[in-house]
Amino acid sequence: MTNILKVEFLKTKHTVVRSLVWLLPLIAILMMTAVFWDNQYSVQLMMGQWSYFWLNMSIALVIGISTYYQKQATKFKEILTSPQDLFTYEIGRIIHGMLQIILMSAVFLVLVICVRFIFSSSEEIRLIAGSIVGIFLTSIWLVPFYSWLCRITNLYFALGIGFLSSILAMFLSRTAFSMWWPFDWGMLLNNMWLKGDFVFGTWSLIICSLILGFILSIFSAYSFKKQ
């Protein structure tokens, strides 16, 4: 597994993927600052936007471009014809994607804290940090989902699915159906944790996300092994 992660890391060395991990949170912050700069709840609004739209689209873009480069270069032929176990390889690819999203979330956290001080917002840093961690955990299932989707379709289809899913999440956010729409889980958790309300329901969202992520990882790896 360590060798697989090293290989995946080297594949992105001279690509735009590494830059996107840093640039996407920055672009998100700059655009949301331009929109919410005169709003006293700017930090809360930024966190909300990140929870259901920006993180979703960022994951789709990072995973999608990584897959696109590999499909354009070799169409996975060097892996399919190698003695490497395909199931293990796909799991390694998913783990590498998760590490990228962890770094992206960390960059966003630093930027949000900076915005908090600039605008003298009242949100506690520990609650902001906890909420961003929670948003990541409730969105972790997106990594194997997009890893599979981008591999069997293409980058543009995956981005389209991500965009439409986020729009639907926005409309469902205030309805009883939001609990059943995984793209809404990050927003639901953020709305509670940013207020310091760590109720059991929010922890169940994390558990559901981890279970869904595990199932999708196994499904994606099995699908790759059988292709």
Side-chain angles (χ1 to χ4, degrees), residues 20-62 100-143 146 159 161-210 212:
L20 286 176
V21 172
W22 300 87
L23 286 175
L24 288 173
L26 178 60
I27 293 172
I29 285 291
L30 291 176
M31 293 186 67
M32 288 187 287
T33 299
V35 174
F36 303 127
W37 70 272
D38 61 343
N39 194 306
Q40 61 177 323
Y41 301 110
S42 57
V43 171
Q44 295 182 32
L45 291 170
M46 288 179 183
M47 297 280 288
Q49 292 274 318
W50 178 257
S51 66
Y52 81 92
F53 181 77
W54 284 100
L55 182 58
N56 176 22
M57 296 302 297
S58 296
I59 294 174
L61 194 58
V62 169
Q100 290 177 306
I101 308 311
I102 289 174
L103 179 57
M104 188 185 298
S105 297
V107 173
F108 182 77
L109 171 59
V110 172
L111 294 173
V112 168
I113 291 175
C114 292
V115 170
R116 176 197 176 276
F117 282 113
I118 292 173
F119 290 96
S120 301
S121 299
S122 59
E123 291 82 7
E124 296 183 36
I125 292 178
R126 66 180 183 87
L127 295 180
I128 292 175
S131 185
I132 289 177
V133 171
I135 291 170
F136 163 74
L137 291 175
T138 51
S139 303
I140 199 170
W141 64 273
L142 288 169
V143 177
Y146 284 123
L159 288 175
I161 291 294
F163 180 79
L164 293 175
S165 298
S166 290
I167 297 300
L168 184 56
M170 180 180 65
F171 284 107
L172 294 177
S173 62
R174 298 186 181 278
T175 70
F177 295 103
S178 60
M179 288 289 294
W180 303 99
W181 187 238
F183 292 90
D184 246 338
W185 290 350
M187 181 189 294
L188 293 173
L189 180 140
N190 176 67
N191 291 340
M192 302 298 288
W193 280 24
L194 201 56
K195 301 173 184 176
D197 194 356
F198 301 94
V199 297
F200 173 76
T202 58
W203 291 100
S204 65
L205 293 176
I206 293 176
I207 294 172
C208 289
S209 176
L210 294 176
L212 181 58

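A donor-acceptor contact shorter than 3.5 Å is absent between the side chain of Trp54 and the backbone of Ser51. Listed for the Ser204 side chain is a donor-acceptor partner under 3.5 Å among the backbone atoms of Gly201. Using modelled atom types, one side-chain atom of Ser139 and one backbone atom of Ile135 make a donor-acceptor pair closer than 3.5 Å. Using a distance-only test at 3.5 Å, with no hydrogens or angles considered, no donor-acceptor pair links the side chain of Thr202 to the main chain of Leu189. In terms of modelled atom types and a separation under 3.5 Å, the side chain of Ser166 and the main chain of Tyr52 share a donor-acceptor contact. Panel note: side chain Arg116, backbone Val43; no donor-acceptor pair is recorded below 3.5 Å.
Summarising the geometry, atom CG belonging to Leu55 is positioned 11.5 Å from atom CZ belonging to Phe53; distances are rounded to the nearest 0.5 Å. Rounding to the nearest 0.5 Å places OG of Ser165 at 12.5 Å from CE of Met170. Summarising the geometry, atom CG belonging to Asn39 is positioned 6.5 Å from atom OG belonging to Ser42; distances are rounded to the nearest 0.5 Å. Going from atom CG of Leu20 over to atom CE of Met104 covers 7.5 Å, rounded to the nearest 0.5 Å. To the nearest 0.5 angstrom, Tyr41 atom OH is 15.5 Å from Met46 atom CE. Leu172 CG to Phe177 CZ: the interatomic distance, rounded to the nearest 0.5 Å, is 8.0 Å.
When all heavy atoms are compared, the tightest approach of Leu159 to Ala60 is CD2-CB, 3.9 Å. Nearest heavy-atom pair across Gln100 and Val21 is O-CG1, 3.7 Å.
Residue pairs meeting the side chain to side chain donor-acceptor pair (under 3.5 Å) criterion with at least one partner in residues 170-192, sequence neighbours excluded, are Ser131-Asn190.
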Self-check item: From CA spacing to verdict: side-chain contact (heavy atoms from CB on, under 4.5 Å), Gln49, Phe36
Solution: CA-CA 11 Å; Gln49 292 274 318; Phe36 303 127; 4.0 Å; yes
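Applying the side chain to side chain donor-acceptor pair (under 3.5 Å) rule to Ser58 yields no partners; only residues at least two apart in sequence or on another chain are considered. In this structure Phe198 satisfies the side chain to side chain contact (heavy atoms under 4.5 Å, CB included) test together with Leu127, Trp193, Trp203, sequence neighbours excluded. Under the salt bridge (Lys or Arg N to Asp or Glu O under 4.0 Å) criterion, Arg126 pairs with Glu124, not counting sequence neighbours. Remark: Phe163 engages no residue in a ring-ring contact (aromatic ring centres under 6.0 Å, His included) (not counting sequence neighbours).
For the pair Phe119 and Thr33, the minimum side-chain heavy-atom distance is below 4.5 Å. At least one side-chain heavy atom of Leu142 sits less than 4.5 Å from a side-chain heavy atom of Phe183. When side chains are defined from C-beta on, Met192 counts as touching Val199, because their heavy atoms get closer than 4.5 Å.
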N/O donor-acceptor pairs under 3.5 Å from side chains in residues 106-114, not counting sequence neighbours:
none

